[in-house]
Structure formats: structure tokens, C-alpha cells
K.L.:
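Could you have a look at this structure, given as C-alpha cells, before my questions?
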Amino acid sequence: MNKRDLRLVIADDHPLLLKGLQDELEASHYNIIACANDGEEALKSILSLRPDMALLDINMPLLTGFEVVKEAIAQGTNTKFIILSFHDESDYIVQALSIGVKGYLLKEDSFREIDMCIDTVMRGGEYLSNSLDNSILSSTTESLACLKFLTPSELTILKQIAKRRTTQEIADTLVISRRTVEKHRSNIISKLTIPTGTNSLTHWALMNKTFILDF
């Protein structure tokens with residue numbers, strides 16, 4: 001698709017960043033059909049204008065970028081989504097990919113990388129910023145993909161761990177023994193291929209808390 005034919009919506013609650021992104025995209029001959037300063041405005045533009053692609057910040061007033069993506073997809077849009085954020089933590093990136101985002105960039109990235117990301121996503125691929133630690137991300141993504149193999153009891157306990165509950169607190173809440181909780185923890189570590197170590201499961205669950213609680 002020619003750049004001039006590619007219909008884009010962009011959204012960021014920082015006016016200077018939004019204007020800078022708009023200027024860069026237009027200078028490269030992209031067709032910006034709407035700019036939004038908050039998530040609600042972004043969602044309305046996406047649903048009414050049906051752009052080919054939307055570039056969204058995560059932390060915006062009224063609706064986050066993730067909430068915009070989820071609602072737009074739920075309402076049947078074919079728009080492809082790219083996140084442009086300051087957040088480089090793996091849980092943000094994994095959550096983005098899990099809800100259907102096709103590209104994840106950092107605001108420190110060059111415009112050349114933004115251009116490459118747009119091209120890759122429009123060709124049907126996925127693109128992650130070269131600034132990200134892809135080795136950590138790959139490992140985390142593989143573990144999260146294994147959540148579907150947990151039993152209902154194991155998933156319940158994992159969600160309790162993500163809420164910072166201790167083994168005893170989990171046992172008391174679910175009315176089971178500490179030994180049962182510990183057995184489930186061991187099974188979870190094995191199924192998710194999390195390296196063994198003191199509090200390794202707790203650390204992993206807290207790092208991926210948002211995704212786990214929404215699973």
C-alpha cells in the first residue's frame with residue numbers, strides 16, 4: 001500500500017509529542033486522518049473513520065491505549081494497532097501482543113524505525129522495537145503462552161500469587177493445606193518453565209500481574 005493511501009489515526013496526551021509525530025509522518029507522506037489527545041477521542045475516531053492503522057500511547061486520559069485496542073477490536077474494526085510508549089517492561093509488551101497489537105515501539109526510537117514498523121505491520125507481520133531486550137521478552141512470552149495448560153486450580157493459585165498473597169494466605173482463602181498450595185506452585189513452575197529459585201514464581205507473577213489477572 002502506498003503511504004499516501006494509508007489512513008492513520010495517532011493519539012498521545014502530550015501535545016508536543018503528538019505534533020512532532022504528526023509532522024514526521026506527514027513529511028514522509030503518510031495520510032493522517034485524525035489526531036487524538038485522549039483515549040476516548042482516539043476510540044471515537046477509530047470507530048467512525050475506520051483507519052488502516054492507529055498509533056497509540058498507552059497512558060492516556062479517559063481510556064488507556066490498551067483499552068482503546070480491546071474495545072475497537074471487540075467492535076469489529078480491522079484497524080491494525082501500533083503502541084508507541086515510554087514503557088519497555090516485558091509485561092507491557094506481552095499484554096500488548098496478547099490483545100492484538102501488531103507493533104510495539106519506544107518513544108526514543110528513530111523515525112526510521114517507526115517507518116519500518118508501519119511497513120512490517122501493513123504487510124501482515126509483527127514488529128518490536130530494536131531497543132527492547134528481546135531475549136527476556138521471548139522467554140516471558142513463551143511462559144505466558146503456557147498459561148492455557150494450567151488447570152483451573154493452578155490458575156486460581158497463580159492469580160493469588162500475582163496479588164502478593166503468601167502461601168498461608170492462599171491456603172486460608174481457598175480452604176486447602178499449605179502442602180497443596182506448594183504442590184500447585186511446583187506444578188506451575190514446571191509447566192511455565194520458570195527457572196527455579198527463591199521466590200522465582202512470585203517475582204514472575206508480579207512482573208506479569210496485569211496479563212495474569214486478565215487471563
Side-chain angles (χ1 to χ4, degrees), residues 1-132 134 137 141 144 210-211 214-215:
M1 180 182 289
N2 188 287
K3 288 183 178 181
R4 295 184 187 279
D5 298 326
L6 183 62
R7 301 166 69 251
L8 299 178
V9 166
I10 58 176
D12 197 304
D13 65 329
H14 295 86
L16 290 178
L17 293 178
L18 182 62
K19 183 63 167 61
L21 179 60
Q22 179 183 3
D23 289 347
E24 289 278 12
L25 288 167
E26 289 180 341
S28 293
H29 311 297
Y30 285 105
N31 179 18
I32 310 298
I33 60 173
C35 298
N37 293 301
D38 61 63
E40 190 172 273
E41 184 182 357
L43 180 60
K44 288 179 180 178
S45 295
I46 291 166
L47 295 179
S48 62
L49 300 175
R50 300 286 172 170
D52 300 298
M53 182 176 292
L55 278 67
L56 308 173
D57 187 15
I58 295 177
N59 300 119
M60 295 187 290
L62 303 180
L63 292 173
T64 68
F66 289 162
E67 289 170 334
V68 172
V69 173
K70 287 191 284 189
E71 183 59 28
I73 290 176
Q75 295 203 33
T77 180
N78 290 320
T79 300
K80 296 180 185 296
F81 294 98
I82 292 174
I83 290 294
L84 192 58
S85 176
F86 287 120
H87 294 291
D88 62 358
E89 300 93 334
S90 63
D91 53 331
Y92 279 95
I93 304 154
V94 170
Q95 185 182 359
L97 297 177
S98 74
I99 63 174
V101 170
K102 298 302 181 182
Y104 195 104
L105 297 169
L106 300 180
K107 292 186 178 181
E108 67 191 48
D109 289 335
S110 66
F111 184 76
R112 180 175 179 275
E113 186 154 18
I114 295 175
D115 197 39
M116 290 170 58
C117 178
I118 292 174
D119 181 66
T120 299
V121 171
M122 285 312 301
R123 291 175 184 273
E126 292 184 350
Y127 189 99
L128 300 178
S129 169
N130 288 318
S131 302
L132 299 171
N134 288 318
L137 178 61
T141 303
L144 287 170
T210 302
F211 183 88
D214 287 342
F215 189 82

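Only a predicted model underlies this, so the values are computations on that prediction, with no experimental measurement involved.
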K.L.:
Less than 4.5 Å apart, any side-chain heavy atom of E113 and any of L106?
P.N.:
no
K.L.:
Apply side chain to side chain donor-acceptor pair (under 3.5 Å) to D109 and list each qualifying residue two or more places apart in sequence or on a separate chain.
P.N.:
S129, S131
K.L.:
Could you pull out every donor-acceptor pair under 3.5 Å between side chains of residues 12-20 and any protein atom, sequence neighbours left out?
P.N.:
| residue | atom | partner | partner atom | Å |
| --- | --- | --- | --- | --- |
| D12 | OD1 | H14 | N | 2.8 |
| D12 | OD1 | H14 | ND1 | 3.2 |
| D12 | OD2 | K107 | NZ | 2.7 |
| K19 | NZ | D23 | OD1 | 2.8 |
| K19 | NZ | D23 | OD2 | 2.9 |

K.L.:
Would you mind writing out the side-chain donor-acceptor pairs for residues 58-74 within the sub-3.5 Å range, not counting sequence neighbours?
P.N.:
| residue | atom | partner | partner atom | Å |
| --- | --- | --- | --- | --- |
| N59 | OD1 | H87 | NE2 | 2.7 |
| T64 | OG1 | F66 | N | 3.4 |
| T64 | OG1 | E67 | N | 3.0 |
| E67 | OE1 | T64 | N | 2.8 |
| E71 | OE2 | Q75 | NE2 | 2.6 |

K.L.:
For R123, give me all partners under side-chain contact (heavy atoms from CB on, under 4.5 Å), at least two apart in sequence or on another chain.
P.N.:
D119
K.L.:
Considering residues at least two apart in sequence or located in another chain, which fulfil the side chain to side chain donor-acceptor pair (under 3.5 Å) criterion with Q22?
P.N.:
E26
K.L.:
Considering residues at least two apart in sequence or located in another chain, which fulfil the side chain to side chain donor-acceptor pair (under 3.5 Å) criterion with T77?
P.N.:
T79
K.L.:
Do R7 side-chain atoms and R50 backbone N/O form a donor-acceptor pair below 3.5 Å?
P.N.:
yes
K.L.:
Kindly indicate whether the side chain of F81, heavy atoms from C-beta on, has any atom under 4.5 Å from the side chain of L56.
P.N.:
yes
K.L.:
Find out whether I118 and Y30 are in side-chain contact, i.e. whether some heavy atom of one side chain is under 4.5 Å from a heavy atom of the other.
P.N.:
yes
K.L.:
Could you tell me if the side chain of M53 sits less than 4.5 Å from the side chain of V121, heavy atoms only?
P.N.:
yes
K.L.:
Given side chains that start at C-beta, do those of N31 and D5 come closer than 4.5 Å, heavy atoms only?
P.N.:
no
